[in-house]
Number of protein chains: 2
Amino acid sequence: MTNEQLKAFICVVEQGSFRSAATALHKTQPSVSAAVKSLEQHFNLCFFDRSHYRPQLTDEGRAFYAQAKKLLQQATQLEMYGHQLASAVTPPLAISLSAMCALPAVLEKIKHFWNQHPQMHLQVNTEHLSGVLEQLKLEKADLAIGPLLGIDHNFEYIEISQIKMITVIAPHLLDISPGIQISQQQLRNLPHILISDTGSVAPFDHVNVLLGGQRWYVNDYQMKKALLISAMGWARIPEHIVQHQLEDGSLLKIDVENFNSQSTVPMYLIKLKNSPSSSLAKAFWQDMLNYK
Amino acid sequence: MTNEQLKAFICVVEQGSFRSAATALHKTQPSVSAAVKSLEQHFNLCFFDRSHYRPQLTDEGRAFYAQAKKLLQQATQLEMYGHQLASAVTPPLAISLSAMCALPAVLEKIKHFWNQHPQMHLQVNTEHLSGVLEQLKLEKADLAIGPLLGIDHNFEYIEISQIKMITVIAPHLLDISPGIQISQQQLRNLPHILISDTGSVAPFDHVNVLLGGQRWYVNDYQMKKALLISAMGWARIPEHIVQHQLEDGSLLKIDVENFNSQSTVPMYLIKLKNSPSSSLAKAFWQDMLNYK
DNA sequence: TCATTACGAAAGCTTAAAGCTATCAAGTCA
DNA sequence: TGACTTGATAGCTTTAAGCTTTCGTAATGA
């Protein structure tokens with residue numbers, strides 16, 4: 001079973017005929033036929049019902065196709081990755097950053113490391129909630145920076161910073177006296193603006209939310225902030241993002257009953273325990289230990 | 001880039017030398033050398049530092065190895081899958097079953113379908129929480145049966161049954177008058193016995209739990225039941241599993257304040273929306289629609 | 001209905017590359 | 001130092017992947 005054979009098989013499935021698959025692959029029809037046939041013989045299976053004019057996928061063929069397609073996608077990804085490794089002088093340091101942490105205190109540490117490794121290729125991917133650690137588990141990132149959300153025994157971490165989360169709202173949306181707690185009831189009719197989880201499998205859609213109540217989802221903190229300023233709802237947000245708005249009065253800090261309205265969340269540098277790190281990743285880890 | 005070349009590269013990394021890799025692969029040393037070299041030339045990269053006696057992985061080599069290894073693992077899985085397809089007469093119907101649903105009412109429906117397709121190969125995988133849908137997303141299962149936990153717009157579902165969840169405890173653990181609500185405080189000192197999520201990425205570790213309080217994790221409902229009967233804690237559990245124990249008095253149904261102590265959870269047959277189903281999966285779906 | 005077009009299988013040939021043997025220089029270790 | 005191991009190289013053999021051509025058959029269309 002070679003990837004070329006799989007490619008031929010997949011192309012026939014998607015094109016619907018051997019001939020068009022051949023032209024798509026810049027090959028001739030007999031070689032495509034041979035490739036598929038050798039696959040079929042290898043497994044002693046029949047992927048197509050050839051009794052009709054056009055080949056028709058059998059159940060086995062359909063089942064095999066779904067898996068083969070995924071394998072080939074991964075193969076092309078590896079191909080790209082290899083070329084990317086070659087174009088960069090040294091393999092990049094891939095960091096999965098919780099969007100929450102995109103603040104000076106954290107970026108300063110990355111900059112500090114960069115100063116010591118000026119030739120380094122940095123690749124920062126911002127993710128939300130479970131997406132942060134998912135990048136680590138999928139080995140798409142060497143290190144992650146974020147809160148300990150969804151952590152388990154496979155991870156190792158060190159605290160590197162703290163972030164103050166507060167709950168805010170546009171001041172004219174509610175009749176508020178400063179310093180007075182807001183009841184959940186008062187917020188029920190206003191949308192709670194949440195960040196969509198970028199994790200693919202089991203998103204954390206229920207941390208720090210109120211039961212009942214309308215929920216709106218956005219993709220990043222900029223959009224969250226924009227909706228808040230436009231008085232479309234209320235939300236928890238890192239304080240540093242809305243600092244200006246708090247000062248000029250366009251947003252107001254509130255305290256909601258039975259809700260984690262304000263908290264200081266520690267941020268961690270996280271890595272997989274049993275994964276061999278690149279020398280850059282090791283150096284970054286060490287640097288964070290010392291810098292602290 | 002062929003899988004054979006990757007296999008050679010990976011084997012050299014793991015064996016630590018070209019020669020031992022060659023014997024492991026039942027090839028000669030020059031052909032392994034050639035395979036690795038052609039990989040390196042393909043990407044214009046250097047995977048090994050050959051200036052020493054033993055080849056030493058470069059940073060690029062290490063980075064590439066991690067990804068290549070995963071690709072090959074998937075390739076061998078596809079290989080196995082193909083042979084499995086061949087050994088079974090027809091591709092199996094793979095169902096991801098929430099362990100919660102392993103009860104007569106649900107199994108009866110599967111049996112009903114089996115009676116109509118006596119030659120069918122069934123492959124049932126019981127999972128917990130996010131693991132149920134993860135199997136669907138990874139295309140390891142054609143259909144899933146479980147509650148709507150972690151559902152999103154990519155899924156399609158039909159209700160097929162209902163399950164009564166209750167909260168129970170060994171009677172002598174608490175001083176209880178029947179019919180009286182238990183305060184959370186009374187349970188704080190007793191472990192809450194939970195099922196571990198089988199999902200790999202972002203487990204649902206916080207549905208129907210009390211804040212604070214000790215938590216124990218088990219892998220299946222049999223173990224949960226065993227711990228309950230041994231008076232090691234309290235838990236939510238499907239009623240049908242502990243029916244006997246409720247009758248003979250070895251377990252007692254309780255009602256906890258501000259906790260979802262008792263509820264009827266609907267169970268659904270779930271599939272991915274945009275995934276081409278096998279004819280068996282389609283038939284099962286139709287059967288469930290009609291049977292209902 | 002019959003010519004036209006499109007499709008897939010089979011046979012025979014060409015060629016690229018995957019693999020082997022043999023050999024050599026360099027490194028390791030007693 | 002000498003026995004041994006390791007990886008690279010050269011030259012040869014063999015495998016299989018690909019091409020061209022041909023043929024029978026199914027769909028299309030005037």
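Naming: A, B, ... by sequence-line order, numbering from 1 per chain.
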**Fill in**
Sorted by chain and number, sequence neighbours left out, salt bridge (Lys or Arg N to Asp or Glu O under 4.0 Å) with B:Glu139 holds for none
**salt bridge (Lys or Arg N to Asp or Glu O under 4.0 Å) against A:Lys69, all qualifying residues, sequence neighbours excluded** = A:Glu14
**Prompt:** Do the two ring centres, one from B:Phe48 and one from B:Phe9, sit under 6.0 Å apart?
**Reply:** yes
**Fill in**
Expected list for residues 31-44 of chain B near DNA chain C, using heavy atoms below 4.0 Å, is B:Ser31
**Asked** Of all of residues 3-28 of chain A, which get a heavy atom below 4.0 angstrom from DNA chain C, listed by number?
**Response** A:Ser17, A:Phe18, A:Arg19
**A:Gln135: side-chain hydrogen bond (donor to acceptor under 3.5 Å, both in side chains) partners, not counting sequence neighbours** = none
**Prompt:** Under the side-chain hydrogen bond (donor to acceptor under 3.5 Å, both in side chains) test, which residues partner B:Arg54, sequence neighbours left out?
**Reply:** none
Between [X] and [Y], which heavy-atom pair has the shortest distance, and what is it?
X	Y	value
B:Phe43	A:Glu79	CE2-O, 3.3 Å
B:Glu156	B:Lys273	OE1-CG, 3.6 Å
A:Gly146	A:Cys101	CA-SG, 3.8 Å
A:Ala21	A:Val32	CB-CG1, 4.4 Å
B:Pro147	B:Met267	N-SD, 3.6 Å
A:Leu133	A:Leu149	CD1-O, 3.5 Å

**Request:** Could you tell me whether A:Lys140 and A:Glu127 have a side-chain N and a carboxylate O separated by less than 4.0 Å?
**Result:** no
**Asked** Does A:Lys282 pair with B:Asp59 as a salt bridge, N-O distance under 4.0 Å?
**Response** no
**Asked** Should we say atom CH2 of A:Trp285 is surrounded by more than 12 heavy atoms from elsewhere, each under 6.0 Å from it?
**Response** yes
**Item:** Range on DNA chain D touched by chain B - first to last nucleotide, heavy-atom distance under 4.0 Å
**Value:** D:dT5 to D:dT9
**Item:** Results of ring-ring contact (aromatic ring centres under 6.0 Å, His included) for B:Tyr268 - residues two or more places apart only
**Value:** B:Tyr157
**Request:** Drop me the distance from B:Leu269's CG to B:Ile158's CD1, to the nearest 0.5 angstrom.
**Result:** 5.0 Å
**Item:** Sub-4.0 Å heavy-atom contacts from residues 47-59 of chain B onto DNA chain D, ordered by number
**Value:** B:Arg50, B:Tyr53, B:Pro55
**Prompt:** Earliest and latest nucleotide of DNA chain C, 5' to 3', sitting under 4.0 Å from a non-hydrogen atom of chain B?
**Reply:** C:dA18 to C:dT28
**Request:** Can you sort out the partners of B:Thr2 under side chain to side chain contact (heavy atoms under 4.5 Å, CB included), two or more places apart, ordered by chain and number?
**Result:** B:Glu4, B:Gln5
**Request:** Could you tell me, to 10°, how much the axis swings from one end of the helix from C:dT1-D:dA30 to C:dA30-D:dT1 to the other, five pairs per end?
**Result:** 30°
**Item:** Residue whose nearest DNA chain D nucleotide is more 5′ - A:Thr2 or A:Gln29
**Value:** A:Thr2
